[in-house]
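Read the structure below first, then the notes.
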2 protein chains.
Amino acid sequence: MNIGEIARRAGVSRSTVSYALSGKRPVSDATRRKIREVIDELGYRPNASARALANGRTSTIGLVFPPAGTHYTGMQLDFIGSVVEAAAAYDYDVLLSPSGVDSDRSFQRLLGERRVDGAILMEIRLADDRVDHLADLGFPSVAIGRTAHPERGWWVGLDHTALAQACVHHLADLGHRRIAFVNRPEQLLRAGYESAHRGLDGFTKAAAERGLTVRTYNCGDDAASGQACLERILRDDPATTGLVTLNEAALGGLYRGLAQAGRHVPRDFSVTGVVAGRWAETVTPQLTAADVPAEQMGRLAVDLLVERLDNPDTPPRNHLLAPPISLRASTGPVFGTA
Amino acid sequence: MNIGEIARRAGVSRSTVSYALSGKRPVSDATRRKIREVIDELGYRPNASARALANGRTSTIGLVFPPAGTHYTGMQLDFIGSVVEAAAAYDYDVLLSPSGVDSDRSFQRLLGERRVDGAILMEIRLADDRVDHLADLGFPSVAIGRTAHPERGWWVGLDHTALAQACVHHLADLGHRRIAFVNRPEQLLRAGYESAHRGLDGFTKAAAERGLTVRTYNCGDDAASGQACLERILRDDPATTGLVTLNEAALGGLYRGLAQAGRHVPRDFSVTGVVAGRWAETVTPQLTAADVPAEQMGRLAVDLLVERLDNPDTPPRNHLLAPPISLRASTGPVFGTA
DNA sequence: GCGGGGTATCGAACCGGTTCGAGCAAGGAG
DNA sequence: CTCCTTGCTCGAACCGGTTCGATACCCCGC
């Protein structure tokens with residue numbers, strides 16, 4: 001079922017059918033009606049590959065995904081969902097690309113073979129060759145996250161430094177003097193993940209400002225690691241009274257560790273961090289945290305990308321978000337301080 | 001940069017370049033080397049749309065996604081990740097399609113416009129028009145889940161009936177006589193979601209066999225609903241001593257409800273259900289549950305789909321999985337029974 | 001020295017759309 | 001009545017690959 005068949009049955013030429021569909025040239029009411037009729041009867045839809053070949057646009061955007069194999073976090077899930085949804089509103093499909101260990105193969109498929117009109121990158125590193133590469137190529141893309149030099153790029157990011165600082169100040173205001181920082185896995189820190197680095201920076205800086213005694217930890221992205229990490233924290237310094245975490249996946253494990261050490265949250269120990277809202281609410285007591293607005297970020301990324309696709313010469317734009325801390329139930333004054 | 005340009009620079013015809021790349025006809029060593037050289041120098045990659053148009057295959061599979069707007073569960077995330085990963089191993093890309101309220105629009109894009117070679121469907125309903133529609137069309141697809149009449153289809157499913165029964169027997173063996181069932185939201189049950197229906201069936205049947213006193217509940221897919229649901233359970237029958245849940249997203253809320261009612265798990269109250277392993281381990285105490293092997297299911301679905309794409313006339317195949325219950329820490333004998 | 005078989009290559013057609021330039025008919029102005 | 005617009009439609013070329021049939025060449029046997 002192709003455009004030629006439609007044309008034949010409607011008694012017109014292929015180009016007339018094309019114009020009737022696109023509206024790029026006037027077509028008489030009578031023929032338009034006839035064509036519509038035939039199309040509706042046969043349930044015709046133009047072939048996407050042929051269209052893409054002819055006009056150079058695929059109506060597809062690539063979502064470059066965190067490496068498979070590692071665990072996905074709830075935040076990433078929210079990103080994906082919101083990107084897909086926002087893209088659909090603009091009539092774009094979303095092609096997933098696992099930018100795995102050899103990011104190259106899948107990456108080359110997307111760009112080299114022209115499968116997508118533009119790309120959204122997740123899990124940005126401070127020095128990110130993917131971002132640099134795309135910038136060099138002038139390929140339309142938007143990053144969810146910032147590299148070390150975000151000035152001339154398109155991105156939507158979270159101010160991890162400010163958020164970690166806010167968490168520290170929140171705990172310090174409650175009287176905590178000895179706190180710990182639970183970061184993403186060491187391997188990600190070493191790879192230069194921006195959230196891990198900027199978060200750590202913010203934590204360290206704010207702790208110094210407030211004169212707090214701190215220890216920082218890397219923790220695997222799963223519950224067992226979280227539990228182990230908490231045990232280390234209390235072993236290293238039993239006088240610790242609070243922690244800040246960026247590690248959503250470890251949260252359940254951290255809580256379990258506290259429960260098993262007999263520390264009651266928030267009476268004996270305060271927990272806070274940077275976590276997507278719906279996941280902060282699944283733990284008991286509910287986590288006081290800077291809620292990552294994942295849906296909003298996904299939507300903004302798509303908005304920026306579509307804007308960039310529509311007018312290729314717009315100067316770079318970006319959004320830096322710093323959501324406030326939502327007070328829930330996991331933090332409180334240090335015992336004896338209130 | 002197209003195949004004609006490569007041909008020109010290598011001093012051969014376009015078809016020779018094509019044959020050198022595909023290997024479908026012999027090409028002399030000398031020309032092959034020359035062509036390789038030019039291609040490597042220019043970083044040429046054949047245009048995916050043109051190739052798809054010419055040979056009728058897009059090397060893309062569609063993943064038809066649960067309706068956006070509702071919450072995604074961790075299990076769904078695991079499916080998506082494993083499907084993408086498995087597809088990449090076969091050199092297929094994955095196109096996401098939110099089969100939203102008007103499933104039609106996005107669905108038509110995928111199939112009608114020939115964007116994908118095949119599709120994997122998630123969130124199957126007992127009477128699922130998508131499945132029927134694809135079967136009528138003979139379109140290669142694999143469902144993750146079973147309709148009411150799965151005999152002649154391609155799918156990989158979970159034996160929800162058996163799993164729910166196993167949960168009931170587990171609780172009954174521990175001496176529980178009054179238990180509750182926490183199902184997915186009522187709206188999903190009404191829509192005919194297979195997990196909700198088959199799970200409920202299994203629960204009801206097994207409870208009758210063992211002569212248990214039961215109540216069944218629908219619960220929203222979030223922590224707040226879980227908490228509210230648990231409060232209702234204890235209000236409706238304070239003598240309830242255990243529950244079975246299919247609702248992963250509500251789990252945190254159920255635990256919170258129990259904690260606030262002063263019921264200790266597993267001493268005063270046992271919790272079990274059907275939940276993906278990594279999420280069962282984030283709660284404290286860790287959930288004794290039938291672990292949904294989401295990664296395996298995603299991989300199997302891709303395997304089946306690729307098999308079907310490679311030889312279109314194979315008779316339908318399927319995999320019905322029934323993982324055993326993993327004993328963790330959330331169930332125990334009824335107080336006074338042990 | 002000539003016919004036969006195999007190998008390497010080429011040109012042309014095709015996949016299914018879009019787009020450009022040209023043609024044709026009807027209608028209004030001069 | 002002629003000329004020029006204007007509105008609609010058509011045919012052909014093009015996007016960038018793949019594939020088929022034909023051709024040119026070489027080596028071999030007789």
Side-chain angles (χ1 to χ4, degrees), chain A residues 1-39 42-60 91 93 108-117, chain B residues 1-39 42-60 91 93 108-117:
Chain A
M1 205 44 49
N2 57 34
I3 202 175
E5 184 63 18
I6 302 295
R8 209 180 53 70
R9 301 210 190 194
V12 298
S13 74
R14 302 197 305 148
S15 49
T16 301
V17 176
S18 178
Y19 287 125
L21 282 165
S22 70
K24 295 194 178 174
R25 278 195 191 177
V27 170
S28 76
D29 269 5
T31 37
R32 190 201 325 285
R33 223 185 335 265
K34 179 65 187 159
I35 290 172
R36 261 261 75 80
E37 223 168 75
V38 176
I39 285 181
L42 274 65
Y44 164 79
R45 306 223 71 197
N47 180 301
S49 302
R51 172 175 286 174
L53 177 58
N55 65 18
R57 300 169 25 88
T58 60
S59 297
T60 303
D91 270 327
D93 284 327
Q108 282 300 320
R109 279 173 73 95
L110 286 196
L111 306 196
E113 303 183 3
R114 309 246 144 66
R115 274 171 204 272
V116 301
D117 297 335
Chain B
M1 203 45 48
N2 57 34
I3 201 173
E5 183 63 17
I6 303 295
R8 208 180 53 70
R9 302 210 190 192
V12 298
S13 73
R14 302 197 305 148
S15 48
T16 301
V17 175
S18 178
Y19 287 125
L21 282 165
S22 69
K24 295 193 178 174
R25 277 196 191 179
V27 170
S28 75
D29 269 4
T31 37
R32 190 201 325 284
R33 224 186 332 268
K34 178 67 187 155
I35 290 172
R36 262 262 74 83
E37 221 168 76
V38 176
I39 286 182
L42 273 67
Y44 163 79
R45 304 222 73 196
N47 180 302
S49 302
R51 172 175 285 175
L53 177 58
N55 64 18
R57 301 167 28 87
T58 60
S59 296
T60 303
D91 271 327
D93 284 327
Q108 283 300 320
R109 280 173 72 96
L110 286 196
L111 306 196
E113 303 182 4
R114 308 248 143 67
R115 275 173 203 271
V116 301
D117 296 335

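Naming convention: chains lettered A, B, ... in sequence-line order (proteins, then strands); numbering from 1 in each chain.
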*Please list, in 5' to 3' order, the outermost nucleotides of DNA chain C lying under 4.0 Å from any heavy atom of chain A.*
C:dG16 to C:dA22
*How many Å lie between CG on B:Asn55 and C1' on D:dC20, as a whole number?*
15 Å
_CA sep, side-chain torsions, deciding dist, call: A:Thr60, A:Asp117, side-chain contact (heavy atoms from CB on, under 4.5 Å)_ = CA-CA 6 Å; A:Thr60 303; A:Asp117 297 335; 5.8 Å; no
*Is there side-chain contact between A:Glu113 and B:Asn47, with at least one heavy-atom pair below 4.5 Å?*
no
*asked:* I want to check something: taking the side chain as every heavy atom from C-beta on, are A:Arg51 and A:Ser18 in contact at a cut-off of under 4.5 Å?
replied: no
*How about A:Ser49 and B:Thr58: do any of their side-chain heavy atoms sit closer than 4.5 Å?*
yes
_Quick check: closest heavy atoms across B:Val12 and B:Val17, and the distance to 0.1 Å?_
CG2-CG2, 3.8 Å
*Identify the heavy atoms of B:Asn2 and B:Tyr44 that sit nearest to each other, and give their distance.*
C-CE1, 3.8 Å
*asked:* Minimum heavy-atom separation for B:Arg14 and B:Gly4, please, with both atom names.
replied: CD-CA, 3.7 Å
_Pair A:Arg9 + A:Glu5, salt bridge at N-O below 4.0 Å_ = yes
*Between A:Leu21 and A:Ile39, is any pair of side-chain heavy atoms under 4.5 Å apart?*
yes
*Indicate yes or no: at least one non-hydrogen side-chain atom of A:Arg25 is less than 4.5 angstrom from one of A:Thr16.*
no
*Is there a residue in residues 5-14 of chain B whose heavy atoms reach under 4.0 Å of DNA chain C, and which residues are they?*
B:Gly11, B:Val12, B:Ser13, B:Arg14
_Using a 4.0 Å cut-off on heavy atoms, which residues in residues 18-36 of chain A reach DNA chain C? List them by number, or say none._
A:Ser18, A:Tyr19, A:Lys24, A:Arg25
